[in-house]
A.B. asks: 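Let me begin by handing over the structure; questions about it come next.
Please read these numbers as outputs of a predicted model, since none were measured by experiment.
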Amino acid sequence: MRILTSTLFLALLLGSITFAQEVDKDYEAYPDLPFELEHLMLNVTVEPASALIKGIARYDISSRREILSEVVLHTSDLEIQDISIGDQQLAYQVSGDSLVIELKDTLGVGDRTQFHITWQSNSSFGIHTDGSGNLWTSLQPKATHHWFPVFDHPEVETTIDAHITIPADKEAVFVGKFNGHEIISTDKKRVHWRSQVPVPVTGISLAVGNFAREEATSGIKDISVFAGESVLIREVRDGLMQMAVSTLRELERKLSYEYPFESLNIVVLPDNLWDEQQTEAGVIYLYQNLGSLTTQLRRGISEQWLGQHHRYLDRGEKAMNYEFLKASLLRDTDVGQLKNSDSLQTINAWNHWVEGYKSLENNFLKKTVENSLPELVKLFSGVTGWNNYADYFYQKTGAYWDTLPEIQKTTEEPAADFSYDVEYIYDEANSTLNLVFKAEGKGLETLAGVEVREIDFSDTTVSEISFTGLQDTIKTDISPAVEYVLLSPKGDANIKLNEHKPFPFLLNQLRSAEAEERAEAATGLINFAENPDLQLALRDVLNNEENPTVRAALLETLAEILNGAIGTEQTFLDAARTDAQEIQVAAIKALSNYEGNEEVQYAIRNMAIRAESDTIFNTALRTYNAIAKTEDKISLAERLENADTAAIRSLKVLNMVAEEDTSGQALEAADRFLNKRYPYLLRKKALDLLLLQQNDSDYWERSLNSLITDRDPRIRFLSLKAIEKIPATTAQEILTAREKEEFDPRVLEKIKRLK
């Protein structure tokens with residue numbers, strides 16, 4: 001029995017993503033903010049194909065100081081084109097990520113003014129796009145000012161009107177409520193969204209895509225689900241809608257406080273592009289690559305309640321603690337772990353607490369937190385941080401939970417497995433059978449029972465024997481009329497018996513009424529491949545056998561006997577064309593013995609191209625790898641590359657052939673999969689293959705220039721592995737230049753470590 005503490009467990013979970021540990025994602029507690037943003041009017045045009053957002057924003061502000069002559073906003077990785085009040089341009093300068101604007105008139109306390117900023121951005125940190133034609137703005141901490149200028153801090157909230165010009169065949173999702181649209185031209189339309197409830201600017205979200213929309217109402221709240229019709233079938237969208245309604249009602253009862261925004265907008269996208277923070281202003285993004293959409297939805301709604309009444313400053317390490325609060329809020333409902341192939345910190349923490357919350361032995365902590373959640377929502381309004389929660393819990397309990405207590409999680413040791421070879425020594429003259437048990441690995445220390453069933457032409461006799469240790473021989477009397485014997489372990493021990501039965505026993509067992517016993521016999525006969533009578537016997541049984549499992553076992557044994565003999569391939573070619581997958585797999589494996597046979601190569605190539613299941617494709621690929629020449633395998637990869645749904649299979653072929661290919665064609669083909677039109681999974685597999693097999697420094701010098709500026713931060717991060725493949729001086733030049741342009745904190749941290 002082992003005890004696993006949460007501190008250790010969380011360290012193991014987060015240890016694989018140390019690239020983000022030293023990056024400051026937290027917001028400043030008390031920023032210098034001498035004005036209030038009372039209203040924001042956005043007029044933007046979105047061009048998804050070029051990942052471009054451009055527009056004019058009107059900022060209505062009021063002074064909080066006696067003398068206010070300039071306003072500081074945040075801007076980074078975007079182009080400021082003009083700032084004006086009415087017809088008069090205002091002077092401004094950009095310093096670092098600060099946009100300093102000189103006002104026309106000095107303001108006093110409570111005085112108001114408004115100004116306009118014209119800008120455009122196609123920031124790879126602030127704006128995401130994917131191969132499905134979707135565009136959406138990033139919700140990473142401090143990413144908002146990368147797509148439009150604003151004082152980027154949870155302390156700032158505002159009402160907002162947005163007029164968004166988009167392609168006519170797409171839909172736009174924004175914060176607040178949809179307020180209609182107008183047709184501008186045959187290929188453009190303008191949609192209007194409005195939020196009369198102030199929303200934090202850190203959660204202002206914009207998504208544009210080929211979305212279908214489902215709508216419902218929960219109380220006075222509007223709920224909408226936006227998803228591509230090819231991404232989610234209508235029934236799934238309806239299910240998400242129902243889940244959203246029920247979750248809103250459930251959390252309203254638990255917290256005695258209403259949902260903080262006037263509408264809930266849910267956007268379903270294929271890939272999160274390494275974003276892990278949820279939205280903060282009534283828009284929840286669900287990503288198919290993170291697993292259960294309903295779990296993501298319930299987690300997202302709970303986060304909006306807890307995180308938007310409070311608007312957390314903590315976005316780095318302390319943000320992991322909020323996953324505990326979400327798990328606590330949803331403790332008695334059906335939520336599970338999420339997929340996390342990209343090692344996102346908050347998802348790691350969510351999975352940890354969802355799995356471990358029920359095992360938390362500190363019931364005092366659990367009860368304190370559960371009972372405090374409604375009070376916490378009411379007590380803290382606006383910006384807060386974990387230190388506020390820790391102080392509140394301290395006032396309640398006298399314990400300061402700066403870090404959460406440990407989970408004492410008990411895991412049972414797995415039961416030991418025992419495997420024995422069993423040799424049959426049959427004395428037909430004296431009707432005795434010696435069973436010799438030899439352990440493969442460790443042996444039993446106690447007696448293990450085995451049921452012995454003797455089958456003859458008219459009867460079945462059952463007896464029991466026992467054995468133990470590393471080797472044991474048990475002698476038993478059997479009927480002179482015995483045809484075959486079956487052994488079955490008894491008791492709780494997990495024992496596998498690998499039986500080596502006499503040839504007559506196996507032939508007789510082929511006539512058993514039980515398919516499982518016939519299949520076992522067919523497999524066992526492999527040990528007698530040299531017997532001249534076996535091939536004829538197997539073919540005779542094969543002609544009359546209908547069970548797919550038994551037929552597959554017979555084919556495997558027949559393949560061992562024939563071993564690719566000339567003129568014997570037709571048996572397996574015919575079997576490979578049957579409908580039963582088990583039979584197909586056995587036949588395709590058997591054809592791997594026919595190297596140099598052009599008919600077999602052609603047939604296997606066609607099977608790989610046309611395979612509907614991955615099992616058949618993978619089996620055919622292994623066989624083709626054994627019998628085909630290198631150039632033929634590359635040709636197969638190119639053929640699959642041109643099939644829209646088979647690109648991942650093409651990469652499997654390239655992975656198999658790259659090491660033996662001396663022509664460089666396999667690596668050239670892999671390079672084509674780095675193209676941005678392919679989804680991330682394909683691009684990652686291609687990049688992994690090239691990093692493993694491509695050692696040409698000239699290639700990497702050329703490729704890195706595009707890879708480290710890719711819009712997908714995961715590709716930028718992974719491509720930095722190639723730095724070691726180019727000369728040190730060139731590597732430093734590339735890293736220094738990229739450090740000035742990179743904004744993703746995880747990629748930037750890796751660049752700094754490599755320098």
A.B. asks: Mind running side-chain contact (heavy atoms from CB on, under 4.5 Å) on Ile634 and Asp632 for me, showing each step along the way?
C.D. replies: CA-CA 5 Å; Ile634 294 174; Asp632 294 327; over 6 Å; no

A.B. asks: Do Lys170's NZ or CZ and the ring of Phe211 fall within the cation-pi criteria of under 6.0 Å and 45°?
C.D. replies: no

A.B. asks: Any chance you could lay out the side-chain contact (heavy atoms from CB on, under 4.5 Å) test for Val225 and Leu286, step after step, and finish with the verdict?
C.D. replies: CA-CA 10 Å; Val225 174; Leu286 309 180; over 6 Å; no

A.B. asks: Can you find a heavy atom in the side chain of Glu612 that is under 4.5 Å from one in the side chain of Ile616?
C.D. replies: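 Contact flag for Glu612/Ile616 side chains = no.
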
A.B. asks: Would you say Ile166 and Lys188 make side-chain contact, with heavy atoms under 4.5 Å?
C.D. replies: no

A.B. asks: So among Lys684, Arg738, Arg683, which one has a salt bridge (charged side-chain N to carboxylate O under 4.0 Å, His left out) with Asp710?
C.D. replies: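 For Asp710, the salt bridge (charged side-chain N to carboxylate O under 4.0 Å, His left out) test succeeds with only one of Lys684, Arg738, Arg683, which is Arg683.
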
A.B. asks: Tell me whether the rings of Phe125 and His146 are parallel (<30°), tilted (30 to 60°) or perpendicular (>60°).
C.D. replies: perpendicular

A.B. asks: Scan side-chain atoms only and decide if Lys339 and Asn289 contain a donor-acceptor pair under the 3.5 Å cut-off.
C.D. replies: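 Absent: no donor and acceptor within the cut-off.
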
A.B. asks: Is any side-chain heavy atom of Leu704 closer than 4.5 Å to a side-chain heavy atom of Ile723?
C.D. replies: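 SC-SC contact between Leu704 and Ile723 confirmed.
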
A.B. asks: Would Trp350 and Leu338 satisfy side-chain contact (heavy atoms from CB on, under 4.5 Å), going step by step from the backbone distance to the final call?
C.D. replies: CA-CA 8 Å; Trp350 165 265; Leu338 296 170; 3.9 Å; yes

A.B. asks: In terms of side-chain heavy atoms, does Ser613 have a donor or acceptor partner in Gln581 at a distance below 3.5 Å?
C.D. replies: yes

A.B. asks: Taking Ser592 for its side chain and Ile588 for its backbone only, find out whether a donor-acceptor pair lies under 3.5 Å.
C.D. replies: no

A.B. asks: Walk me through it: do Asp614 and Arg649 pass the test salt bridge (Lys or Arg N to Asp or Glu O under 4.0 Å)?
C.D. replies: CA-CA 9 Å; Asp614 287 339; Arg649 293 181 174 180; 3.1 Å; yes

A.B. asks: Verify the neighbour count for atom NZ of Lys629: are there more than 12 heavy atoms of other residues, nucleotides or ligands below 6.0 Å?
C.D. replies: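 12 or below, so no.
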
A.B. asks: Indicate yes or no: does Arg234 engage Glu214 in a salt bridge with an N to O separation below 4.0 Å.
C.D. replies: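 Judged by the 4.0 Å cut-off on N to carboxylate O distance, Arg234 and Glu214 do form a salt bridge.
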
A.B. asks: Roughly how far, to the nearest 0.5 Å, is the CD atom of Gln345 from the CD1 atom of Ile347?
C.D. replies: 11.0 Å

A.B. asks: Does Arg746 count as lying over the ring of Phe717, i.e. NZ or CZ under 6.0 Å from the six-ring centre, within 45 degrees of the axis?
C.D. replies: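 Checked: cation-pi criterion not met.
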
A.B. asks: Should Glu47 and Lys54 count as an ion pair when the cut-off is N to O under 4.0 Å?
C.D. replies: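 Salt bridge: yes.
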
A.B. asks: Would you kindly say whether Asp661 and Thr630 are connected by a side-chain donor-acceptor distance under 3.5 Å?
C.D. replies: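 Checked: Asp661/Thr630 side chains show no N/O donor-acceptor pair below 3.5 Å.
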
A.B. asks: Would you compute the distance between atom CG of Leu344 and atom CG of Asp275 and round it to the nearest 0.5 angstrom?
C.D. replies: 9.0 Å

A.B. asks: Could you tell me whether Arg213 and Glu171 make a salt bridge, using a distance below 4.0 angstrom between a side-chain N and a carboxylate O?
C.D. replies: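 No.
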
A.B. asks: Do Arg237's NZ or CZ and the ring of Phe226 fall within the cation-pi criteria of under 6.0 Å and 45°?
C.D. replies: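 Geometry flag: not set, cation outside 6.0 Å or 45°.
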
A.B. asks: Do you know which two heavy atoms are closest between Ser719 and Leu687, and how far apart they sit?
C.D. replies: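 What the structure gives for the nearest pair is N-CD2, 3.9 Å.
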
A.B. asks: Is there a side-chain contact between Leu206 and Trp193, using heavy atoms and a 4.5 Å cut-off?
C.D. replies: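 No, side chains not in contact.
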
A.B. asks: I'd like to know if the side chain of Thr294 pairs up with that of Ser292 as donor and acceptor (distance under 3.5 Å, no hydrogens or angles considered).
C.D. replies: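 Side-chain D/A pair, Thr294 to Ser292: present.
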
A.B. asks: Does a side-chain heavy-atom distance below 4.5 Å link Arg299 with Thr346?
C.D. replies: yes

A.B. asks: Verify, without hydrogens or angle tests, whether Gln288 (side chain) and Val231 (backbone) share a donor-acceptor contact under 3.5 angstrom.
C.D. replies: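 Here the side-chain-to-backbone pair exists.
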
A.B. asks: Is the backbone N or O of Tyr287 less than 3.5 Å from a side-chain atom of Gln296, with the two atoms forming a donor-acceptor pair by type?
C.D. replies: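 Yes; at least one donor-acceptor contact below 3.5 Å.
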
A.B. asks: If we ignore hydrogens and angles and just use 3.5 Å, is the side chain of Asn265 paired with the main-chain N or O of Phe174 as donor and acceptor?
C.D. replies: yes

A.B. asks: Among side-chain atoms of Ser124 and Arg711, is any donor-acceptor pair under 3.5 angstrom?
C.D. replies: no

A.B. asks: Write down the atom of Trp353, the atom of Met320, and the distance for their closest heavy-atom approach.
C.D. replies: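 Looking at all heavy atoms of both residues, the closest pair is NE1-O, 4.0 Å.
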
A.B. asks: Roughly how far, to the nearest 0.5 Å, is CG of Leu73 from NE2 of His145?
C.D. replies: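 With rounding to 0.5 Å, NE2 (His145) is 11.0 Å from CG (Leu73).
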
A.B. asks: Any side-chain heavy-atom pair from Ile127 and Ser138 closer than 4.5 angstrom?
C.D. replies: no

A.B. asks: For Trp274 and Asp342, which heavy atoms make the closest approach, and how far apart are they?
C.D. replies: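 Residues Trp274 and Asp342, closest heavy atoms: NE1-O, 3.4 Å.
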
A.B. asks: Does Asp26 reach the main-chain N or O of Gly316 with its side chain, forming a donor-acceptor pair under 3.5 Å?
C.D. replies: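 Confirmed, Asp26 side chain pairs with Gly316 backbone.
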
A.B. asks: Counting only pairs under 3.5 Å, give me each side-chain donor-acceptor contact of residues 650-658, with atom names and distances, residues two or more places apart or in other chains.
C.D. replies:
| unit_1 | atom_1 | unit_2 | atom_2 | d |
| --- | --- | --- | --- | --- |
| Ser650 | OG | Ala637 | O | 2.7 |
| Lys652 | NZ | Asn618 | OD1 | 3.1 |
| Asn655 | ND2 | Leu651 | O | 3.1 |

A.B. asks: Any side-chain to backbone donor/acceptor pair from Thr730 onto Ile726? Under 3.5 Å, distance only.
C.D. replies: no

A.B. asks: Test Arg714 against Asp271 for salt bridge (Lys or Arg N to Asp or Glu O under 4.0 Å), laying out the working first.
C.D. replies: CA-CA 12 Å; Arg714 297 166 298 186; Asp271 191 331; 2.9 Å; yes

A.B. asks: Shortest non-hydrogen contact from Glu701 to Pro727?
C.D. replies: OE2-CD, 3.5 Å

A.B. asks: Counting N and O atoms only, with roles assigned by atom type, does the side chain of Tyr27 sit under 3.5 Å from a partner on the main chain of Lys142, one being a donor and the other an acceptor?
C.D. replies: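 Such a contact is found between Tyr27 side chain and Lys142 backbone.
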
A.B. asks: Carefully, step by step, assess Asp97 and Ser76 under the rule side chain to side chain donor-acceptor pair (under 3.5 Å).
C.D. replies: CA-CA 5 Å; Asp97 66 351; Ser76 188; over 6 Å; no

A.B. asks: If you count the non-hydrogen atoms of other residues, nucleotides and ligands that lie under 6.0 Å from CG in Asp334, is the total more than 12?
C.D. replies: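 Counting neighbours around CG of Asp334, 12 or fewer heavy atoms of other residues, nucleotides or ligands fall under 6.0 Å, so no.
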
A.B. asks: Could you check whether the rings of Tyr322 and Tyr312 sit parallel, tilted or perpendicular, using 30° and 60° as the cut-offs?
C.D. replies: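 Ring orientation, 0 to 90° scale: parallel.
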
A.B. asks: Roughly how far, to the nearest 0.5 Å, is the CG atom of Asp314 from the CG atom of Asn321?
C.D. replies: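 Asn321 atom CG to Asp314 atom CG measures 8.5 Å (nearest 0.5 Å).
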
A.B. asks: Hydrogens and angles aside, do Asp152 and His74 bring a side-chain donor and acceptor to less than 3.5 Å of each other?
C.D. replies: no

A.B. asks: Taking the side chain as C-beta and beyond, is there a heavy-atom pair between Val46 and Leu135 under 4.5 Å?
C.D. replies: yes

A.B. asks: Check this for me, if you would: do Glu323 and Lys326 make a salt bridge, where the nitrogen-to-carboxylate-oxygen distance has to be below 4.0 angstrom?
C.D. replies: yes

A.B. asks: Under the 3.5 angstrom rule, does the side chain of Ser706 hit a backbone N or O of Ser703 as a donor-acceptor pair?
C.D. replies: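 Answer holds: yes.
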
A.B. asks: Quick one, Leu720 with Leu735, criterion side-chain contact (heavy atoms from CB on, under 4.5 Å). Give me CA distance, side-chain angles, the key distance, then yes/no.
C.D. replies: CA-CA 9 Å; Leu720 290 171; Leu735 290 171; 3.9 Å; yes

A.B. asks: Between Gln140 (side chain only) and Asp744 (backbone N and O only), is there a donor and an acceptor less than 3.5 Å apart?
C.D. replies: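 No, the answer is negative, given that no donor and acceptor are paired below the 3.5 Å cut-off.
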
A.B. asks: What orientation do Trp119 and Phe148 show, parallel under 30°, tilted 30 to 60°, or perpendicular over 60°?
C.D. replies: tilted

A.B. asks: Looking only at heavy atoms, what is the nearest atom pair of Leu636 and Ala608, with distance?
C.D. replies: CD2-CB, 4.4 Å

A.B. asks: Without swapping roles, check the side chain of Gln337 against the backbone of Asn351 for a donor-acceptor pair under 3.5 Å.
C.D. replies: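 Yes, the answer is positive, given that a donor and an acceptor are paired below the 3.5 Å cut-off.
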
A.B. asks: Quick check: closest heavy atoms across Met607 and Ala576, and the distance to 0.1 Å?
C.D. replies: CE-CB, 3.4 Å

A.B. asks: What distance do Leu240 atom CG and Ile266 atom CD1 have between them, rounded to the nearest 0.5 Å?
C.D. replies: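 So the CG of Leu240 and the CD1 of Ile266 are separated by 6.5 Å.
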
